[in-house]
Visitor: 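I have a structure here, written as structure tokens, and I will follow up with some questions on it.
As the structure is a prediction and not an experimental result, all values here were calculated from the model. Note: hydrogens, waters and symmetry copies are ignored here, and every other heavy atom, side chains too, is used. One-based numbering along the sequence shown.
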Amino acid sequence: MAIEYRITLDDEHEFNYRIVLDRVHDPELAARAPAWTRLGHHQCSNCPLSRERFANCPAAVDLHRVIEDFQGLPAIQKAHVRVRTPDREYAKLVGLEEGLRALLGVIMATSACPVLSRLRPMAQQHLPFASNQEFVLRAVSLYLTRQYFNLREGRQPDWELRGLVEAFQALQLVNQAFWQRIHDTCKGDSNLKAFLTFFSMASSLTYSLEAQLRKIRPLVMTTDDDIETA
């Protein structure tokens, strides 16, 4: 299963990426990656990987081509972004920041990073250009579905979403470390702003989960539901 991105800036600048969702870490590819992908370079404070076994950060290795393709370009530059998944296609004229946020997000979620891999179910149901509300609804829905299967299969379910908050707290530490990695290598602001918006969406599930749940309540509750609980 793969997701394809085509980002077109003008008649002479088109970038194509194919993200295989079930890929594994390739040490030979990592050995050819730039220095800023080394595991010890702004290593995440919660990284479970050892430098003895992993010379490079798996997510950084996967990201470096995109980061270097767009460094020096302004985030406000318009781009035609076309995304092809196995089931459908999406196309939108967006600021480069929004297009890169979607692309970087799916690459990170399908990397060999043990922390980021918690987002793999969302990547498998990839929705590019998602709003913050859509991001929260999908994250909560997938998490609660997992709890349902935990219940059916004899494990303790977490209906209070405590594990979801903990997972996104861990993701925030990864986002902060990647901000430093990319800040060291980027000349422009497109990659930095893409990470900033991705960071803000993830942080909304840790600092203000209740507020986010109130925002998505009208999407899943009907007037009849309110009458029954009144």
Side-chain angles (χ1 to χ4, degrees), residues 1-11 13-21 23 59 62-63 65-71 73-111 116-143 145 164 167-168 171-172 174-175 178-179 182 186 188-206 208-209 211-213 215-220:
M1 182 176 177
I3 294 174
E4 298 177 2
Y5 266 75
R6 184 173 69 197
I7 300 177
T8 305
L9 303 181
D10 51 45
D11 292 338
H13 297 87
E14 180 177 288
F15 303 87
N16 295 279
Y17 307 94
R18 186 174 185 271
I19 303 100
V20 177
L21 300 187
R23 68 188 183 278
D62 288 347
L63 288 174
R65 178 189 165 197
V66 178
I67 298 300
E68 291 167 2
D69 281 348
F70 292 98
Q71 68 174 0
L73 296 177
I76 60 173
Q77 181 166 345
K78 292 297 182 182
H80 288 275
V81 180
R82 183 174 295 275
V83 184
R84 177 181 295 175
T85 73
D87 299 313
R88 59 189 60 88
E89 290 188 16
Y90 305 85
K92 190 176 182 181
L93 177 65
V94 296
L96 191 53
E97 167 195 345
E98 184 177 354
L100 286 179
R101 184 187 72 195
L103 175 57
L104 295 175
V106 74
I107 293 175
M108 292 176 74
T110 55
S111 74
L116 290 169
S117 62
R118 297 176 185 178
L119 292 175
R120 187 176 294 272
M122 293 186 71
Q124 291 170 336
Q125 308 294 326
H126 185 48
L127 180 64
F129 323 122
S131 66
N132 189 73
Q133 191 177 59
E134 289 169 327
F135 177 81
V136 173
L137 180 60
R138 292 174 67 237
V140 172
S141 298
L142 286 169
Y143 186 80
T145 301
L164 180 65
F168 275 88
L171 289 170
Q172 278 187 266
V174 175
N175 288 337
F178 263 92
W179 172 272
I182 295 177
C186 288
D189 63 355
S190 57
N191 291 305
L192 293 175
K193 286 198 172 182
F195 261 96
L196 181 60
T197 54
F198 184 78
F199 173 82
S200 65
M201 292 173 73
S203 65
S204 67
L205 284 173
T206 58
S208 59
L209 176 60
Q212 298 302 321
L213 291 175
K215 289 179 182 178
I216 66 172
R217 186 181 187 278
L219 301 178
V220 298

Visitor: About how many Å separate CD1 of I19 and CD1 of I3, when rounded to the nearest 0.5 Å?
Guide: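 If we round to the nearest 0.5 Å, I3:CD1 and I19:CD1 are 6.5 Å apart.
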
Visitor: Please walk me through it: do N175 and M108 pass side chain to side chain contact (heavy atoms under 4.5 Å, CB included)?
Guide: CA-CA 10 Å; N175 288 337; M108 292 176 74; 4.2 Å; yes

Visitor: Who passes salt bridge (Lys or Arg N to Asp or Glu O under 4.0 Å) against R88, sequence neighbours left out?
Guide: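 If we apply the salt bridge (Lys or Arg N to Asp or Glu O under 4.0 Å) test to R88, skipping adjacent residues, there are no hits.
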
Visitor: Mind checking what makes side chain to side chain donor-acceptor pair (under 3.5 Å) contact with D87, not counting sequence neighbours?
Guide: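 With sequence neighbours excluded, D87 shows a side chain to side chain donor-acceptor pair (under 3.5 Å) to no residue whatsoever.
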
Visitor: Going by salt bridge (Lys or Arg N to Asp or Glu O under 4.0 Å), name the residues that satisfy it together with R82, two or more places apart in sequence or in a different chain.
Guide: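 Salt bridge (Lys or Arg N to Asp or Glu O under 4.0 Å) list for R82, sorted by chain: E89.
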
Visitor: Output all residues satisfying side chain to side chain donor-acceptor pair (under 3.5 Å) with R23, sequence neighbours left out; order by chain, then residue number.
Guide: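 Once residues adjacent in sequence are excluded, the partners of R23 under the side chain to side chain donor-acceptor pair (under 3.5 Å) criterion are D62, T110.
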
Visitor: Using every non-hydrogen atom in the two residues, find where L63 and F178 come nearest and quote the distance to one decimal.
Guide: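 Here L63 and F178 meet closest at CD1-CE2, 3.6 Å.
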
Visitor: State whether the side chain of R84 and the backbone N or O of A2 hold a donor-acceptor pair below 3.5 Å, judged by distance alone.
Guide: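 Between the backbone of A2 and the side chain of R84 there is no qualifying donor-acceptor contact (under 3.5 Å).
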
Visitor: Is any side-chain heavy atom of V83 less than 4.5 Å from a side-chain heavy atom of L103?
Guide: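 The answer is no, as the side chains (C-beta and beyond) never meet within the 4.5 Å cut-off.
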
Visitor: Which pair of non-hydrogen atoms, one from A102 and one from F129, has the smallest distance, and what is that distance?
Guide: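 The answer is CB-N, 4.0 Å.
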
Visitor: Could you tell me whether the side chain of L127 reaches within less than 4.5 Å of the side chain of F135, counting heavy atoms only?
Guide: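 The answer is no, as the side chains (C-beta and beyond) never meet within the 4.5 Å cut-off.
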
Visitor: Closest heavy-atom contact between A123 and L21?
Guide: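 Looking at all heavy atoms of both residues, the shortest contact is O-CD1, 4.1 Å.
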
Visitor: What residues, two or more places apart in sequence or in another chain, satisfy side chain to side chain contact (heavy atoms under 4.5 Å, CB included) together with A167?
Guide: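 R118.
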
Visitor: So, for F70 and F15, is the gap between ring centers shorter than 6.0 Å?
Guide: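 Between F15 and F70, which both carry aromatic rings, the centre distance is below 6.0 Å.
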
Visitor: With sequence neighbours excluded, what pairs up with T8 under the side chain to side chain donor-acceptor pair (under 3.5 Å) test?
Guide: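 If we apply the side chain to side chain donor-acceptor pair (under 3.5 Å) test to T8, skipping adjacent residues, the hits are E14.
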
Visitor: Quick check: do F168 and L119 have side-chain heavy atoms less than 4.5 Å from each other?
Guide: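 F168 vs L119: side chains touch.
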
Visitor: Name all residues meeting the side chain to side chain donor-acceptor pair (under 3.5 Å) criterion together with Q133; count only those two or more places apart in sequence or in a different chain, and write none if there are none.
Guide: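 Q133: no side chain to side chain donor-acceptor pair (under 3.5 Å) contacts found.
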
Visitor: Are the side chains of P128 and Y5 in touch, meaning some heavy atoms are under 4.5 Å apart?
Guide: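 Touching, per the 4.5 Å side-chain cut-off.
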
Visitor: With K78, which residues qualify under salt bridge (Lys or Arg N to Asp or Glu O under 4.0 Å), at least two apart?
Guide: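 Salt bridge (Lys or Arg N to Asp or Glu O under 4.0 Å) list for K78, sorted by chain: empty.
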
Visitor: Tell me every residue that passes side chain to side chain contact (heavy atoms under 4.5 Å, CB included) with Q125, counting only those two or more places apart in sequence or in another chain.
Guide: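 Scan of Q125 (side chain to side chain contact (heavy atoms under 4.5 Å, CB included), adjacent residues dropped) gives R138.
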
Visitor: Restricting to side chain to side chain contact (heavy atoms under 4.5 Å, CB included), what partner residues turn up for A79, sequence neighbours left out?
Guide: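 Checked A79 against side chain to side chain contact (heavy atoms under 4.5 Å, CB included); matches are I7, L9, V81, L96.
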
Visitor: Not counting sequence neighbours, which residues clear salt bridge (Lys or Arg N to Asp or Glu O under 4.0 Å) with R65? List them please.
Guide: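 Expected list: D69.
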
Visitor: Any side-chain heavy-atom pair from N132 and Q212 closer than 4.5 angstrom?
Guide: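 N132 vs Q212: side chains touch.
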
Visitor: Of all residues at least two apart in sequence or in a different chain, which pass the ring-ring contact (aromatic ring centres under 6.0 Å, His included) check with Y17?
Guide: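 Not a single residue meets the ring-ring contact (aromatic ring centres under 6.0 Å, His included) criterion with Y17.
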
